Amino acid sequence: MEDERKTPEMRAQMTDVERLRHSTAHVLATAILKIWPEAQFAAGPPVDNGFYYDVDLPHRISPDDFEKIEAEMKKEIKANHPFERMEVSRHEALELGKKGRLAALTDRDQPSKFKLDIIENIPTDEKISLYRNGDFIDLCAGAHVMRTGNIGAFRLTSVASAYYKDDEKNPQLQRVYGTAFKTKKELDEHFAMLEEAKKRDHRKLGKELEIYIIDEDVGPGLPLWLPRGAAIIEELEKLAKETEFAAGYQRVRTVNIARERLYKKSGHLPYYAESMFPPMELSEDVEAIKRDELTREESDIASTVQRSNSSTKYYLKAMNCPHHHKLFAAVPRSYRDLPLRLAEYGFCHRYEQSGELFGLMRVRSMQMNDAHLYMTPEQFGAEFNAVNEMYLNYFKLFGLDKYLMRFSTHDPTKLGQKFVDESELWKQTEEMTRRVLKDSGINYVEVPNEAAFYGPKIDVQVWSVIGREFTIATNQVDFAQPRLLNLVYKDRDNTEKTPLCIHRAPLGTHERFIGFLIEHYAGNFPLWLSPEQVRILTITDEPQLLDYSRAILNELRGHQVRAEIDTSTDKINGKIQRAEQMKVHTMFVIGKRDMEASAVSVRLHGRGNLGAKSRGEAIADILSSIKERRA
RNA sequence: GCCGACGUAGCUCAGCUGGUAGAGCAGCUGAUUCGUAAUCAGCAGGUCACGGGUUCGAAUCCCGUCGUCGGCUCCA
């Protein structure tokens with residue numbers, strides 16, 4: 001973890017509301033100390049939508065304590081103490097810390113251990129400052145509001161645990177979260193907004209709209225798709241297949257398991273074993289194992305993996321690349337075959353830590369919009385660019401505009417350790433990637449030292465409705481695996497060369513992408529993606545009317561439209577209510593009047609009654625909207 | 001995986017400090033034949049996540065397991 005200390009310049013740039021929240025964190029600490037004087041504090045920064053303060057305390061703070069703590073905070077705000085800044089020498093700061101006087105109201109028996117540690121990490125050339133409000137003195141670089149009374153409206157929101165300095169090896173502290181605004185009105189609006197956001201949560205909508213389930217008997221993180229969810233999957237795959245076909249991709253199919261050997265050879269196993277499902281051991285092909293003794297090199301790669309003399313192991317695949325690489329290697333390749341683009345909606349399984357699972361967004365089984373592109377170095381720029389274009393076209397189609405492209409590069413000092421030792425290739429591919437990004441005028445951030453071990457990558461970050469950040473799509477350069485798996489093509493000059501590989505997944509995985517789309521559209525999918533595109537609602541269930549309605553239903557289905565008919569004995573209002581609740585995109589309301597005019601009354605979800613249209617026109621509208629994938 | 005909270009009918013939830021479960025919706029049956037967000041009535045539905053323990057008695061208290069949620073670490 002890098003040092004995330006803010007520079008004095010960054011402090012000066014804190015927004016007013018950040019100052020306010022940071023100051024509220026100090027007031028929170030003040031209040032906690034009044035109740036539990038032995039509390040030890042670590043860091044208390046402002047964050048998106050609020051602030052937190054990490055505290056080490058034998059008492060387990062629970063939401064039941066919030067009222068008491070907030071009451072103390074209110075007293076401190078009412079007292080309207082000024083926030084006084086004091087600059088001290090390193091020595092003075094350390095002395096105060098030893099007396100337990102930092103992040104405290106008085107001297108104490110125990111030193112302010114976390115604060116002492118933080119002082120140790122402040123660069124020697126940087127000034128050390130304290131902030132004081134009332135009796136509370138804290139080691140803090142600022143910035144703060146003038147007085148505690150400037151804090152307008154605040155509320156404690158939750159308590160969770162967090163590792164000190166965000167490191168799993170450090171002890172866990174209690175992290176008390178809160179939020180603060182200048183006015184009560186803003187605070188109320190903030191909570192109203194959160195309530196709205198919860199209604200869009202894909203886990204809630206996914207259940208209500210019957211898109212997917214996660215069943216305990218099947219297992220955590222293993223979503224099953226109901227027909228409505230499967231319909232969305234089919235549409236996404238259709239989109240991907242059409243797009244990729246037009247872009248010169250070829251589809252392949254691979255299996256879901258492979259022998260341990262494959263992952264040993266690809267070099268994945270030592271790195272990925274942790275995040276793979278444990279292997280299945282089969283004893284039947286021991287002979288095969290004996291025949292296929294590994295070379296010394298392969299054994300070295302696999303040295304961390306235990307070998308068995310009596311059985312062979314099969315792994316559920318966690319990634320598609322090794323399988324695709326095998327397909328590349330299966331046929332002699334000429335430079336004339338390149339670029340070769342192999343695509344598959346591959347099923348992958350990863351054993352994610354239980355605490356990481358999150359609805360559809362973080363699962364253990366996933367279907368990936370995967371493809372591997374093999375090319376010569378000269379072809380790289382054009383291929384990478386084309387992949388990027390594909391992304392942007394998809395995003396335009398989905399009206400996705402709040403995303404961040406994160407360009408991860410290597411750190412030259414870590415060549416040969418964290419990154420494969422190919423200085424020139426790193427430089428080349430990174431420069432080519434950077435140019436593609438610049439030329440297309442996309443906003444992106446460059447993050448050094450975050451690349452994959454086999455090459456630089458671009459991740460597209462989006463945010464779930466409750467503010468969690470996710471990588472929705474990825475575009476990675478790989479110049480290591482082709483070598484590990486001995487992938488070669490015969491070049492013009494009759495020599496064998498190793499291709500470059502691009503690993504890309506513009507639509508990410510079905511799970512995460514659909515989870516995201518549910519929230520993005522708040523469940524109101526465009527017609528082409530709608531699980532149920534048209535529902536026919538009959539005013540009565542008289543036989544003639546049913547015949548007419550069923551004929552329309554059959555016509556729609558004949559055109560592959562996902563249409564249903566509601567022939568229940570409810571009144572029309574009841575039928576509409578149910579269709580609206582399921583967010584059915586288009587409703588055809590059909591009564592006697594419509595039948596006699598050979599028409600239907602069209603009603604759109606959320607937009608109400610559009611009035612009668614001729615049967616032919618209404619159906620033609622549906623078909624063209626679907627065909628064009630209109631928003 | 002770690003810390004904390006939670007887990008009652010298909011869904012949303014009620015069930016006070018322990019006295020062996022209740023509503024609405026959905027479902028089923030019947031009646032109603034109705035023009036743009038809920039027609040009426042009846043019926044049925046629960047080893048209160050699971051397993052132990054305390055107790056005369058546990059949905060309620062304790063322990064463990066599983067799962068979910070909020071975070072942390074991690075990631076498509």
Side-chain angles (χ1 to χ4, degrees), chain A residues 1 52 54 60-64 157-177 201 203-204 207-208 210 213-217 219-221 274-275 318-320 346 348 350-364 366-370 457 459-462 466 468-476 503-513 515-516 537-543 545 568-581 587-594 601-612:
Chain A
M1 184 86 205
Y52 66 79
D54 283 344
R60 285 267 150 224
I61 296 175
S62 82
D64 297 339
T157 50
S158 64
V159 57
S161 88
Y163 298 103
Y164 179 53
K165 287 184 176 175
D166 290 343
D167 189 332
E168 209 173 2
K169 291 189 265 310
N170 286 333
Q172 284 199 320
L173 308 173
Q174 302 188 60
R175 178 166 290 181
V176 183
Y177 282 89
D201 192 314
R203 292 166 298 182
K204 182 176 160 64
K207 186 185 274 183
E208 287 172 358
E210 295 176 14
I213 58 158
I214 292 178
D215 185 277
E216 283 193 26
D217 287 340
E274 278 297 292
S275 54
M319 67 296 290
N320 301 306
C348 296
R350 298 182 186 171
Y351 193 75
E352 304 289 353
Q353 296 186 66
S354 60
E356 252 82 278
L357 302 175
F358 179 70
L360 283 178
M361 305 290 249
R362 191 72 185 277
V363 294
R364 284 178 174 164
M366 66 210 89
Q367 299 168 70
M368 205 180 292
N369 172 223
D370 216 350
K457 61 174 179 175
D459 288 325
V460 185
Q461 304 300 113
V462 294
I466 62 166
R468 271 200 217 192
E469 184 181 348
F470 288 96
T471 301
I472 195 87
T474 187
N475 187 6
Q476 311 184 345
H503 172 130
R504 42 110 280 175
L507 297 176
T509 62
H510 281 323
E511 288 71 18
R512 187 171 287 179
F513 204 78
F516 179 78
L537 313 176
T538 54
I539 303 268
T540 68
D541 60 356
E542 288 159 308
L545 198 56
S568 66
T569 59
D570 283 296
K571 284 166 64 171
I572 191 64
N573 280 340
K575 295 186 185 184
I576 286 170
Q577 167 88 7
R578 283 207 312 251
E580 291 280 356
Q581 276 171 347
M587 287 151 270
F588 283 179
V589 176
I590 301 179
K592 221 179 212 162
R593 286 207 303 265
D594 302 293
S601 292
V602 179
R603 181 189 169 98
L604 296 185
H605 168 60
R607 277 192 272 169
N609 186 7
L610 300 190

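All of these numbers come straight from a predicted model, not from anything done at the bench. Lettering of chains follows the sequences in order, A, B, ..., and the numbering in each one begins at 1.
For B/U47 and B/A5, the C1' atoms lie 26 Å apart once the distance is rounded to whole Å. Comparing the C1' positions of B/C48 and B/A21 gives a spacing of 8 Å, expressed to the nearest Å. For the P atoms, the distance from B/G24 to B/U65 is 39 Å, rounded to whole Å. Comparing B/U32 with B/G22, their C1' atoms sit 30 Å apart, to the nearest whole Å. Only the C1' atoms considered, B/A38 is 44 Å distant from B/C75, to the nearest whole Å. With both ends at atom C1', the span from B/G45 to B/U68 equals 24 Å, rounded to whole Å.
Where A/E208 and A/R175 meet RNA chain B, the nucleotide closest to each residue was compared, and A/E208 sits on the side nearer the 5' end. Sequence order on RNA chain B of the closest nucleotides to A/D201 and A/F470 puts A/D201 first from the 5' end.
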Pairs: protein N or O with nucleotides 35-39 of chain B N or O, under 3.5 Å:
unit_1, atom_1, unit_2, atom_2, d
B/G35, O6, A/K592, N, 2.9
B/G35, O6, A/R593, N, 2.5
B/G35, N1, A/D594, OD2, 2.8
B/G35, N2, A/D594, OD2, 2.7
B/G35, N2, A/S601, OG, 2.7
B/U36, O2', A/R603, NH1, 3.0
B/U36, O2, A/R603, NH1, 3.1
B/U36, O4, A/S601, OG, 3.0
B/A37, O3', A/Q577, OE1, 3.4
B/A37, N7, A/R603, NH2, 3.0
B/A37, N6, A/E580, OE1, 3.1
B/A37, N3, A/Q577, OE1, 3.1
B/A38, N7, A/Q577, NE2, 3.0
B/A38, N6, A/Q581, NE2, 3.4

If you restrict it to nitrogen or oxygen atoms, what contacts under 3.5 Å exist between nucleotides 65-67 of chain B and the protein, and what is each distance?
unit_1, atom_1, unit_2, atom_2, d
B/G67, O2', A/E216, OE2, 3.2

Set out, line by line, the N/O atom pairs under 3.5 Å between protein and nucleotides 43-47 of chain B.
none

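Within the structure, every side-chain polar atom (N or O) of A/K204 is placed at least 4.0 Å from both OP1 and OP2 of B/U12. At least one side-chain nitrogen or oxygen of A/R203 sits closer than 4.0 Å to the OP1 or OP2 atom of B/C69.
In plain terms, the two heavy atoms of A/R578 and A/S568 that are nearest each other are NH2-OG, 3.3 Å. Contact record, A/I61 with A/V159: O-CG1, 3.4 Å, taken as the closest heavy-atom pair. Of all non-hydrogen atoms in A/C348 and A/M368, the two that sit nearest each other are SG-CE, 4.1 Å.
Side chain of A/K592 to main chain of A/L545: no donor-acceptor pair is present (N/O by atom type, distance under 3.5 Å, no hydrogens or angles). The closest donor-acceptor contact from the side chain of A/R512 to the backbone of A/M361 lies under 3.5 Å. Listed for the A/E580 side chain is a donor-acceptor partner under 3.5 Å among the backbone atoms of A/G606.
Look at CG on A/D459: it is 10 Å from C1' on B/C75, rounded to the nearest Å. Rounded to a whole Å, the OH atom of A/Y52 is 10 Å from the C1' atom of B/C72. When the C1' atom of B/A76 is taken as reference, atom CD of A/E356 falls 13 Å away, rounded to whole Å. Atom CD1 in A/I213 sits roughly 10 Å away from atom P in B/C11 (whole-Å rounding). A/Q174 places its CD atom 13 Å from the P atom of B/C3, with the value rounded to the nearest Å. Put simply, CG on A/L173 is 12 Å from P on B/U73, counting in whole angstrom units. In this entry the distance linking CZ of A/F358 with P of B/G71 reads 8 Å, nearest Å. What separates CG of A/L537 from C1' of B/C34 is a distance of 14 Å, to the nearest Å.
Evaluation of atom-type donor-acceptor distances gives no pair under 3.5 Å for the side chain of A/Q172 against the base of B/C72.
Looking at A/S601 and A/R603, their side chains never come closer than 4.5 Å, going by heavy atoms from C-beta outward.
Base pairing analysis places B/U54 opposite nothing; no Watson-Crick or G-U wobble pair with both distances below 3.5 Å involves it. B/U33: no Watson-Crick or G-U partner with both key distances under 3.5 Å is found in any strand. Within the shown strands, B/G67 is the pairing partner of B/C6 under the Watson-Crick or G-U definition, both distances less than 3.5 Å.
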Task: CA sep, side-chain torsions, deciding dist, call: A/L360, A/R203, side chain to side chain contact (heavy atoms under 4.5 Å, CB included) - done: CA-CA 7 Å; A/L360 283 178; A/R203 292 166 298 182; over 6 Å; no
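In this view, A/E210 satisfies the salt bridge (charged side-chain N to carboxylate O under 4.0 Å, His left out) rule with no residue, not counting sequence neighbours. Residues satisfying the side chain to side chain donor-acceptor pair (under 3.5 Å) criterion with A/T157, sequence neighbours excluded, are absent altogether. Evaluation of the side-chain contact (heavy atoms from CB on, under 4.5 Å) rule for A/D541 yields A/L546, A/T569 as partners, not counting sequence neighbours.
Annotation for A/Y351: atom OH does not count as buried by contact number, only 12 or fewer foreign heavy atoms lying within 6.0 Å.
Side-chain polar atoms of A/T471 and A/Q461 form a donor-acceptor pair below 3.5 angstrom.
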